[in-house]
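Here the structure comes first, spelled out in structure tokens, and everything after it is commentary.
Letters A, B, ... are given to chains in the order of the sequence lines, protein chains preceding strands, and every chain is numbered from 1. Just so you know, these numbers come straight off a predicted model, no measurement behind them.
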Amino acid sequence: ETGVTQSPTHLIKTRGQQVTLRCSSQSGHNTVSWYQQALGQGPQFIFQYYREEENGRGNFPPRFSGLQFPNYSSELNVNALELDDSALYLCASSLESIAGELFFGEGSRLTVL
Amino acid sequence: GQQVMQIPQYQHVQEGEDFTTYCNSSTTLSNIQWYKQRPGGHPVFLIQLVKSGEVKKQKRLTFQFGEAKKNSSLHITATQTTDVGTYFCAGKLMEYGNKLVFGAGTILRVKS
């Protein structure tokens, strides 16, 4: 177990709705990265939060937004859901923003109908 | 599109055969990491390579980082059914603020 927990594990939404996914990082880790993994694909980097500030962003539109809280837990928010947003959303915590391994949670599987 | 490319996409081997997956980037990587994802699971860290030409071994797994730091490989000797899963390489790219960018992965299936 990595000590990274995500909720919910599964959810179903319809197009146009909004969703919030949550992540609790491993104790002592101050950095959280979010990835989107479509079926049969590698994880795609969405963004990273380091000490409550966004610290790098991948090629995702502004309707993907996030937060990191003082306890280093994090949220991923997606507005105006589209069918292509259906994927496994993975949260990964790490000790530093630059170096070292990522500890992934089990993921939140989002289905958009 | 993928900044980090992996080949092959899929490999099916007989138990006891060797397996290799290759990872390539058009730009120099500051380091490269390898992860394994079991079916239905999440990626689990295997190793990190930092130095040009570095070679590391973990039991039956051998990892290499190219001299130019643009490619890497993972070789598994004498595969076992427990090796089944998808193997991802992930490199830190400057255009993403040195954040990890994953390849598409190589799916390994092992016939017993």
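The distance from the CD atom of E101(A) to the OH atom of Y35(B) is 6.5 Å, given to the nearest 0.5 Å. Taking CD of Q37(B) as the start and CG of L88(A) as the end, the distance is 7.0 Å to the nearest 0.5 Å.
Follow the hydrophobic side-chain contacts under 4.5 Å out from V101(B) and you reach Y87(B) in the same cluster. Taken together through direct or relayed side-chain contacts under 4.5 Å among Ile, Leu, Val, Met, Phe, Trp and Tyr, F64(A) and L81(A) form part of one hydrophobic cluster. F69(A) and Y72(A) fall into different hydrophobic clusters, where Ile, Leu, Val, Met, Phe, Trp and Tyr residues are linked whenever their side-chain heavy atoms come under 4.5 Å apart, directly or through other members. Y22(B) and L74(B) fall into different hydrophobic clusters, defined by Ile, Leu, Val, Met, Phe, Trp and Tyr side-chain heavy atoms under 4.5 Å apart, directly or through other members. V4(B) and F60(A) end up in different hydrophobic clusters when Ile, Leu, Val, Met, Phe, Trp and Tyr side chains are linked at under 4.5 Å.
Neither the backbone nor the side chain of Q9(B) comes within less than 4.5 Å of any heavy atom in chain A. With a 4.5 angstrom heavy-atom cutoff, L102(A) touches chain B via backbone and side-chain atoms both. With a 4.5 Å cut-off on non-hydrogen atoms, Y35(A) touches chain B through its side chain but not through its backbone.
Contact detail for N55(A) and K99(B): the closest heavy-atom pair is O-CE, 2.6 Å. The two residues G42(A) and F88(B) have their closest heavy-atom pair at CA-CE2, 3.3 Å.
L100(B) is not listed as a side-chain neighbour of S33(A), based on a closest heavy-atom distance of 4.5 Å or more.
Residue pairs meeting the disulfide (SG to SG under 2.5 Å) criterion with at least one partner in residues 7-65 of chain B, sequence neighbours excluded, are C23(B)-C89(B).
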